[in-house]
Amino acid sequence: MDGEELKEGLSNLSDTELTDKIARLKKSLFSNICVRLPDGGEKLRANIKLHEDELEWRKRAVSKPANAFQEELYALNPCDHKSTLNNQFSHRKRHKRELLSQEEPYKSPVNKGEQVLNVDLKGWDSSTRSKENKASCFSEKFKASQAQSSYTRRHANGQAVVLVDEEDPDAIKATEPVDQVIERKAITIYYPSRVDPESVEICCSDMESLAPEAYLSSTILNFYIRYLQKTKPHADVNEYHFFNTYFYQKLKEAVLSKQNEKEASFIRLRRWWKGVNIFEKAYIFLPIHEDLHWSLVIICMPDKEDQLGPILLHLDSLGLHCSKSLFATIRKFLVEEWKFLRQGEVLALPILDKIWENLPRRIDENIIQVPQQRNEYDCGLFVLFFMERFIDEVHRRLKKKDLTMFGRRWFKPAEASCLRMKIRRILEEEFKNVSEND
């Protein structure tokens, strides 16, 4: 996005969200991420400056004298004066909603024959908003490109339209009927279905993490992981196992638990793969989230003919995560599960008996060279693209020689970044289908 588009996006964040984002960006700045970026973090620093300028402007705007506030309140209501809105309304007028959040909800006079749309501008203050308000607050749900600080509605050719206070009132933009927009925004979908035990619950607000330069949320990652399971013919349930984004943190907690609690911790952890023998799977995908960054570990179980134990692959689009630490945690996970399975009956596994008996010493670790992201926010997209590309290209159990398929030229970084729009289109279609069916 260019500077103006970014500023427009920032205006839709609450003060709390803006402050949190500044803290997150600064944490990225002071981590090792800058040295990994092509520009050395120059764009990241400029991004932080824009966020800080926005926050500073809001602080100054809130402290304006009462008479200035009254003038802006008067200017906000187009029904109280007949002159058209002109260029004196700069883009900073979008902050009027921050001022109005301190007053009673504003209601514009309604002409005869028009519907009434009550908008509580307090909804912009996330610190005072309840979950119910958040679900019903139109200002939170309506797209910034469709409505900014003015909620005047007119009707043209039977369609509801929204006027932005910076626009020429004559340049009316037709939008969807407002009641339909609100209805769809309130929809929750369950992918792939509500009855699926591993379904992912997605609200329309989750789509915000698919906005340009936004960090992907766990909900979106877990949705696309389930999407790959359902749509990729090679993602056979007998060959692949996908852990969701929350598993690794639980695994770390079990590994780091006190010695006298470790056995009980792993018993509880085992519920995450109940009924699944992970050593029978060809591949196990394990998304990693640490230090505001995503990477991927793939556990591979080779064929018996290769006479190899489990192979661990770490794919990181910034080289930010410590592979040694990740491998140590996952190694303990495999060893604990190995100990547990050896207590039961003899299993028919795709691993040679002599390797199975000495499995803790036969785990191979590999840091994989992969294409690198060109910014600080696409790491989640790269993790999903690593999975998708791997599933498309590997149709059998991995052999040691197959590791040559990886490399910095495995794919173009832009291919992974473009996944953002693909996921958004898929979800928009899902929401549309649910809305039509309801």
Side-chain angles (χ1 to χ4, degrees), residues 189-202 206 209 216-254 266 268-290 293-302 310-317 321 326-327 329-331 333-334 336-337 350 366 368 370 379-398 402 406 416 419 422-423 426-427 430:
I189 63 175
Y190 299 84
Y191 186 86
S193 70
R194 186 185 287 268
V195 298
D196 191 297
E198 297 181 11
S199 66
V200 180
E201 180 180 336
I202 312 156
D206 293 316
S209 75
L216 252 61
S217 66
S218 280
T219 299
I220 297 300
L221 268 85
N222 288 328
F223 159 74
Y224 199 69
I225 289 171
R226 292 292 289 143
Y227 177 82
L228 291 177
Q229 290 177 268
K230 291 296 179 181
T231 59
K232 291 293 181 180
H234 303 301
D236 191 298
V237 292
N238 296 319
E239 297 293 329
Y240 291 83
H241 185 74
F242 297 79
F243 282 113
N244 67 27
T245 59
Y246 306 110
F247 172 73
Y248 183 72
Q249 185 59 38
K250 295 295 182 182
L251 173 59
K252 278 185 63 178
E253 292 172 4
F266 271 95
R268 291 193 298 270
L269 185 69
R270 198 164 283 111
R271 298 171 185 170
W272 284 77
W273 63 93
K274 184 178 180 180
V276 175
N277 184 339
I278 60 174
F279 291 103
E280 292 179 345
K281 301 297 180 182
Y283 304 104
I284 301 165
F285 294 100
L286 211 164
I288 310 292
H289 186 253
E290 285 187 331
H293 179 60
W294 292 100
S295 67
L296 176 69
V297 169
I298 306 176
I299 306 172
C300 311
M301 302 293 176
I311 300 175
L312 309 184
L313 311 179
H314 184 213
L315 293 72
D316 191 333
S317 58
H321 285 161
L326 298 181
F327 287 148
T329 300
I330 295 170
R331 178 184 286 271
F333 159 55
L334 294 176
E336 287 296 327
E337 184 65 5
N366 295 269
I368 303 300
V370 291
C379 50
L381 295 171
F382 272 73
V383 165
L384 295 176
F385 200 74
F386 289 154
M387 289 187 187
E388 185 167 10
R389 191 80 170 202
F390 188 90
I391 293 170
D392 286 341
E393 295 186 6
V394 181
H395 301 159
R396 51 181 168 71
R397 289 183 179 268
L398 191 77
D402 292 332
F406 299 109
L419 193 58
K422 176 183 176 181
I423 299 173
I426 294 170
L427 276 173
E430 291 290 331

Are the side chain of Asp196 and the backbone of Tyr191 linked by a donor-acceptor contact shorter than 3.5 Å? no
Are Tyr246 and Asn222 packed together at the side-chain level, in the sense that at least one heavy-atom pair is separated by less than 4.5 angstrom? yes
Nearest 0.5 angstrom please: Ile311 CD1 to Ile299 CD1, how far? 12.0 Å
So, do Leu251 and Phe243 sit near enough that their side-chain heavy atoms are less than 4.5 Å apart? no
Under a 3.5 Å distance rule, please check whether His321 uses its side chain to pair with a backbone N or O of His293 as donor and acceptor. yes
Taking the basic N atoms (NZ, or NE/NH1/NH2) and the acidic carboxylate oxygens, is any pair closer than 4.0 Å for Glu253 and Arg268? no
Between Pro302 and Pro310 the two heavy atoms that sit nearest each other are CD-CA, 4.4 Å
I'd like to know whether Phe333 forms a ring pair (Phe, Tyr, Trp, His ring centres under 6.0 Å) with Trp272, so could you lay out the CA-CA distance, the side-chain angles of the two residues, the decisive distance to 0.1 Å, and finally the verdict. CA-CA 12 Å; Phe333 159 55; Trp272 284 77; over 10 Å; no
Is there side-chain contact between Trp273 and Ile284, with heavy atoms separated by less than 4.5 Å? no
Considering non-hydrogen atoms only, spot the tightest contact between Val200 and Thr219 and give its length. CG1-O, 3.8 Å
Considering non-hydrogen atoms only, spot the tightest contact between Arg397 and Asp402 and give its length. O-OD2, 4.2 Å
Residues forming a side chain to side chain contact (heavy atoms under 4.5 Å, CB included) with Ser209, sequence neighbours excluded: Ser217, Ile220
Main-chain N/O of Ile368 paired to Asn366 side chain as donor or acceptor, under 3.5 Å: no
If you measure only the distance, is there a donor-acceptor pair under 3.5 Å linking the side chains of His314 and Ser295? yes
Do the non-hydrogen side-chain atoms of Asp316 and Ile288 ever get within less than 4.5 Å of each other? no
Give me the ring orientation class for Phe242 and Phe285: parallel if the planes are under 30° apart, tilted from 30 to 60°, perpendicular past 60°. parallel
Any chance you could measure Ile330, atom CD1, to Leu286, atom CG, to the nearest 0.5 Å? 5.0 Å
Tell me, do Val297 and Tyr248 make a side-chain contact under 4.5 Å, heavy atoms counted? no
Pairwise side-chain contact, Ser199 with Arg194, heavy-atom cut-off 4.5 Å (strictly under): no
Distance col, row Met387:CE vs Gln229:CD, nearest 0.5 angstrom, shows 9.0 Å
Note: Leu381 and Leu419 closest approach over all heavy atoms is O-CD2, 3.8 Å
Nearest 0.5 Å, what's the CZ-CZ distance between Phe266 and Arg271? 14.5 Å
Within the structure provided, determine whether Ile423 and Tyr227 are in side-chain contact (heavy-atom separation under 4.5 Å). no
Check whether more than 12 heavy atoms from other residues, nucleotides or ligands sit under 6.0 Å from atom NZ of Lys250, and answer yes or no. no
Candidate pair Leu313 and Leu398, rule side chain to side chain contact (heavy atoms under 4.5 Å, CB included), full reasoning: CA-CA 11 Å; Leu313 311 179; Leu398 191 77; 4.2 Å; yes
Full working for side chain to side chain contact (heavy atoms under 4.5 Å, CB included) between Ile426 and Phe223: CA-CA 10 Å; Ile426 294 170; Phe223 159 74; 3.6 Å; yes
Quick one, Leu315 with Phe406, criterion side chain to side chain contact (heavy atoms under 4.5 Å, CB included). Give me CA distance, side-chain angles, the key distance, then yes/no. CA-CA 10 Å; Leu315 293 72; Phe406 299 109; 4.3 Å; yes
Side chain to side chain contact (heavy atoms under 4.5 Å, CB included) between Glu280 and Met301, intermediate numbers included: CA-CA 8 Å; Glu280 292 179 345; Met301 302 293 176; over 6 Å; no
Working to the nearest 0.5 angstrom, can you tell me the gap between Glu198 CD and Lys230 NZ? 8.5 Å
Nearest atoms (heavy-atom pairs only) where Cys379 meets Ser317: CA-OG, 4.0 Å
A side-chain contact here means heavy atoms from C-beta on lying under 4.5 Å apart; do Leu326 and Glu290 qualify? yes
State, without any angle test, whether Tyr224 and Glu388 hold a side-chain donor-acceptor pair at a distance under 3.5 Å. yes
Leu269 and Ala254: which non-hydrogen atoms are nearest, and at how many Å? CD2-CB, 4.1 Å
